[in-house]
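Order of the sequence lines fixes the chain letters, A, B, ..., with proteins taken first and strands second; residue numbering starts at 1 for each chain.
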Amino acid sequence: MHSFGYRANAVVTLAVTILAVMCSMASLSDNFNVPSPTAEVKVLNINWFQKQANGNDEVSLTLNISADLSSLFTWNTKQVFVFIAAEYETPQNALNQVSLWDGIIPSKDHAKFWIHTTNKYRLIDQGSNLRGKEFNLTLHWHVMPKTGKMFADKIVMTGYRLPEEYR
Amino acid sequence: MGFIGDAVDSIRSLQIRQVLTQLVSLGRIDAGMIVTSALIIWKGLMCVTGSESPVVVVLSGSMEPGFKRGDILFLHMSKDPIRAGEIVVFHVDGREIPIVHRVIKVHERQDTGEVDILTKGDNNFGDDRLLYAHGQLWLQRHHIMGRAVGFLPYVGWVTIIMTEKPIIKYLLIGALGLLVITSKE
């Protein structure tokens, strides 16, 4: 009962159990955080708006994104992944979500940011429905912890509209 | 010659019986219980998360710095529709290894509710169309095995080491076997 093997087994089991408990408590502590992020996105310019050879509309935009996501960070946060998606409806598709830009915020210091960029990913429709289309821009964030449960949420900004004609 | 042969035979048969008794007996109850409880936890996780493989190990660096090689992801599959931003685990037709990337585009049909999904690893420059099967532009719901809902860092290295250097796996099994046979209980 007092051999090395038994002692090693007991110590390792206890260590692993304590580690598991600490990880779950770290993750649970994230639930006490009440985040209050703010964001604003402006479409500065429609760079071009064309129908591709395969019949799908494509548009290129320049966006101005300013946001303050510092309230999302807890001591258990490794990074926050943030992205902007354009969301709209077409006769064929009940929902289209296209990510336009994404970024990684590695720490609370970088969480209050302002960026001026063209869309990182191409906004291509399935079909030719984008002329005059009203769309929402949603800022999504995804909190990735050092250990445990991940949280995601979004802010929906409405009222954007694409031009009536190609350019 | 016959006498020695008989003696050797009797010794050998004694040892075999001893070994078998130990493997089956309560003397090794701790090893048996560990294996059984691991199996119960695994099957329980399969039920709770609704996924065939509730835990995956991150094998590549395509989701860094969020997920590094060797991290473990907990998966959950619900009937909720797949939306942009979710981290999903999927299989490409014809490839065994599951891939864990983020959904960046969703197109959901009005009538059938079926979806076309495009994924991309956070740390990759381009989207995953290069990884999909030849000619495939989108993923559908049936390709998705689950969503990543939580993670534990570093724990998956055990699996990676055992897969990439199988000699360590054999050494471990050999050592365990030796422990079972040589323990005096």
Side-chain angles (χ1 to χ4, degrees), chain A residues 1 3 5-6 9-10 13 16 19-20 23-24 26-27 30 54 56 78-104 106 120-127 138-154, chain B residues 30-31 33-34 37 41 63-68 71-76 81-87 102-127 137-138 147-155 175-176 179-180 182-185:
Chain A
M1 211 54 209
S3 71
Y6 278 108
N9 183 33
T13 310
V16 169
L19 196 60
C23 282
S24 358
S27 183
D30 275 344
N54 54 21
N56 295 331
K78 185 187 334 190
Q79 68 179 37
V80 172
F81 184 88
V82 59
F83 71 98
I84 306 260
E87 299 183 359
Y88 60 94
E89 187 180 342
T90 62
Q92 185 200 351
N93 291 337
L95 174 65
N96 299 282
Q97 286 179 313
V98 180
S99 173
L100 297 177
W101 170 86
D102 55 34
I104 291 178
K120 198 168 165 184
Y121 306 115
R122 300 166 69 184
L123 175 48
I124 303 177
D125 188 26
Q126 287 188 331
T138 36
L139 181 102
H140 295 249
W141 60 84
H142 202 126
V143 178
M144 291 157 93
K146 295 200 172 92
T147 171
K149 183 165 178 286
M150 299 192 281
F151 297 91
D153 206 346
K154 60 188 180 184
Chain B
D30 48 346
M33 272 181 63
I34 290 174
S37 32
I41 291 176
M63 285 292 280
E64 289 193 10
F67 301 145
K68 296 197 169 51
D71 293 343
I72 280 197
L73 290 177
F74 294 102
L75 305 183
H76 188 272
I82 310 235
R83 292 285 173 253
E86 294 177 346
I87 299 180
R102 196 182 295 271
V103 174
I104 60 167
K105 291 191 187 175
V106 171
H107 294 281
E108 183 177 293
R109 299 270 174 281
Q110 292 271 12
D111 40 5
T112 61
E114 290 186 9
V115 280
D116 285 336
I117 292 166
L118 181 62
T119 57
K120 174 182 173 289
D122 291 348
N123 204 25
N124 288 347
F125 183 71
D127 58 40
L137 292 175
W138 304 99
R147 290 184 189 85
V149 293
F151 103 120
L152 273 181
Y154 308 120
V155 180
L176 266 172
L179 256 170
V180 167
T182 60
S183 78
K184 293 187 170 47
E185 191 115 34

> Quick one: what part of A:K120 sits under 4.5 Å from any heavy atom of chain B, side chain, backbone, both or neither?
Replying inline: neither
>> So for A:T90, is it side chain, backbone, both, or neither that comes closer than 4.5 Å to the heavy atoms of chain B?
In response: backbone
> Heavy-atom distance under 4.5 Å between the side chains of A:N93 and B:E108, does that happen here?
Replying inline: no
> For the atom pair CG (B:L73) and CE (A:M150), what is the distance rounded to the nearest 0.5 Å?
Replying inline: 6.5 Å
> Which atoms form the tightest heavy-atom contact between A:K78 and B:P65, and what is the distance?
Replying inline: CD-O, 3.6 Å
>> For A:F81, which atoms come within 4.5 Å of any heavy atom of chain B: side chain, backbone, both, or neither?
In response: side chain
> Between A:I124, A:L95, A:D102, A:I104, which has the largest tally of heavy atom pairs under 4.5 Å with chain B?
Replying inline: A:L95
> Considering only heavy atoms, which portion of B:P81 lies under 4.5 Å from any heavy atom of chain A: side chain, backbone, both, or neither?
Replying inline: neither
> Which answer fits A:P91, side chain, backbone, both or neither, if we ask what part of it has an atom under 4.5 Å from a heavy atom of chain B?
Replying inline: backbone
> Going by distance alone, is a donor N or O of one side chain under 3.5 Å from an acceptor N or O of the other, for B:K120 and A:Y121?
Replying inline: yes
> Quick one: of A:L100, A:T138, A:D125, A:T147, who has the most non-hydrogen atom pairs under 4.5 Å with chain B?
Replying inline: A:T147
> What's the shortest heavy-atom distance between A:Q126 and B:D116, and which atoms?
Replying inline: NE2-OD2, 2.9 Å
> What residue, out of B:R109, B:E114, B:E86, has the most heavy-atom pairs lying under 4.5 Å from chain A?
Replying inline: B:R109
> Below 4.5 Å, heavy atoms only, C-beta onward: do A:M144 and B:F151 meet side chain to side chain?
Replying inline: no
> Yes or no on side-chain contact (heavy atoms from CB on, under 4.5 Å) for B:K105 and A:Q97, after CA distance, side-chain angles and deciding distance?
Replying inline: CA-CA 5 Å; B:K105 291 191 187 175; A:Q97 286 179 313; over 6 Å; no
> Most heavy-atom pairs under 4.5 angstrom with chain B, which of A:H142, A:K149, A:K146, A:H140?
Replying inline: A:H142
> Considering only heavy atoms, which portion of A:Q79 lies under 4.5 Å from any heavy atom of chain B: side chain, backbone, both, or neither?
Replying inline: side chain
>> Is B:R83 in contact with chain A via its backbone, its side chain, both, or neither, using a 4.5 Å heavy-atom distance?
In response: both
> Side chains of A:E89 and B:Q110: is there a donor and an acceptor less than 3.5 Å apart?
Replying inline: yes
> Just wondering, do A:V98 and B:H107 contact through their side chains at under 4.5 Å, heavy atoms?
Replying inline: yes
